[in-house]
Novice: 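Mind looking over this structure? Questions follow.
For clarity, every value in this text was computed on a predicted model and none was experimentally measured.
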Amino acid sequence: MSAQPDHTPTTPYAPAPGAPAELLAQLRADHRAERWVPAFEQEWAQALEESRRSFSLTTLYEVVHVWQARLASAPAVDAFVASGFDESGFVDMAELRGRRRR
């Protein structure tokens with residue numbers, strides 16, 4: 001038996017050095033800027049603190065990746081909301097599980 005793990009944890013790829021600034025510029029240009037810019041800045045500040053404590057850039061990379069994904073998926077979310085699809089009739093999964101046990 002080996003004490004080594006079966007798999008190697010993947011670390012997020014390193015974004016370009018200017019990626020956070022570019023991302024912030026894109027967030028400021030978005031119609032959600034009023035909410036998204038403060039949220040990004042708060043997450044970035046927390047990641048910086050974590051990075052200082054841990055001497056790891058992983059949390060900074062993760063913040064950039066998450067916000068890049070949010071920006072990339074925003075048009076699809078906007079299209080879904082604009083489609084008028086009514087999601088008010090959803091069923092809570094916890095409720096379904098409770099029904100099944102009875």
Side-chain angles (χ1 to χ4, degrees):
M1 286 184 34
S2 172
Q4 299 298 320
D6 293 359
H7 65 284
T8 305
T10 59
T11 55
Y13 72 89
E22 183 180 314
L23 183 58
L24 187 56
Q26 291 173 341
L27 290 172
R28 287 184 175 141
D30 194 271
H31 69 275
R32 301 168 197 84
E34 187 176 306
R35 293 176 311 215
W36 279 15
V37 170
F40 172 77
E41 289 173 340
Q42 180 182 8
E43 287 182 32
W44 184 254
Q46 290 170 347
L48 277 173
E49 268 311 303
E50 175 63 26
S51 178
R52 287 183 186 123
R53 282 193 301 273
S54 67
F55 297 102
S56 170
L57 299 174
T58 302
T59 54
L60 293 170
Y61 295 169
E62 288 172 351
V63 168
V64 170
H65 293 285
V66 166
W67 281 96
Q68 286 174 334
R70 284 182 183 148
L71 268 176
S73 64
V77 172
D78 289 342
F80 176 78
V81 171
S83 72
F85 183 75
D86 181 16
E87 59 181 90
S88 61
F90 76 94
V91 176
D92 184 13
M93 292 303 290
E95 184 179 320
L96 280 177
R97 284 185 287 239
R99 288 182 193 168
R100 197 178 299 160
R101 291 181 188 152
R102 293 179 193 168

Novice: Just so I know, are the side chains of Arg32 and Asp78 near enough to count as touching, which here means a heavy-atom distance under 4.5 Å?
Specialist: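 Yes. Closest side-chain heavy atoms under 4.5 Å.
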Novice: Treating Ile, Leu, Val, Met, Phe, Trp and Tyr as nodes and any side-chain heavy-atom pair under 4.5 angstrom as an edge, say whether Trp44 and Val37 lie in one connected cluster.
Specialist: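 They do share one cluster, since a chain of ILVMFWY contacts under 4.5 Å joins Trp44 to Val37.
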Novice: Less than 4.5 Å apart, any side-chain heavy atom of Phe40 and any of Val63?
Specialist: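 The answer is yes; the side chains approach within 4.5 Å.
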Novice: Donor-acceptor check, side chain of Ser56 to backbone of Ser51, threshold 3.5 angstrom: yes or no?
Specialist: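 Answer holds: no.
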Novice: If you look at every heavy atom in Val64 and Pro20, which pair is closest and at what distance?
Specialist: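 What the structure gives for the nearest pair is CG2-CG, 4.0 Å.
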Novice: To the nearest 0.5 Å, what is the distance between CD on Gln42 and CD on Gln46?
Specialist: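 Atom-to-atom, Gln42:CD and Gln46:CD are 5.0 Å apart.
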Novice: Could you label the plane-to-plane angle of the Tyr61 and His65 rings as parallel, tilted or perpendicular, counting under 30° as parallel and over 60° as perpendicular?
Specialist: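 Perpendicular: the ring planes of Tyr61 and His65 meet at over 60°.
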Novice: Identify the two heavy atoms, one from Leu60 and one from Leu48, that lie closest to each other, and give their separation to 0.1 Å.
Specialist: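 Nearest heavy atoms, Leu60 then Leu48: CD2-N, 3.6 Å.
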Novice: Quick one: are Gln68 and Leu71 in side-chain contact, heavy atoms under 4.5 Å?
Specialist: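 They are not in contact (no side-chain heavy atoms under 4.5 Å apart), so the answer is no.
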Novice: Supply the atom-to-atom distance Thr58 OG1 to Glu62 CD, rounded to the nearest 0.5 angstrom.
Specialist: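 It comes to 6.5 Å.
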Novice: For the atom pair OG (Ser54) and CD (Glu49), what is the distance rounded to the nearest 0.5 Å?
Specialist: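 Result: 10.5 Å between the selected atoms.
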Novice: I need the Glu34 CD to Leu27 CG distance, nearest 0.5 Å.
Specialist: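 Output value for this atom pair is 14.0 Å.
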Novice: Can you name the closest pair of heavy atoms from Glu43 and Trp67 and give their distance?
Specialist: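 It is OE1-NE1, 3.0 Å.
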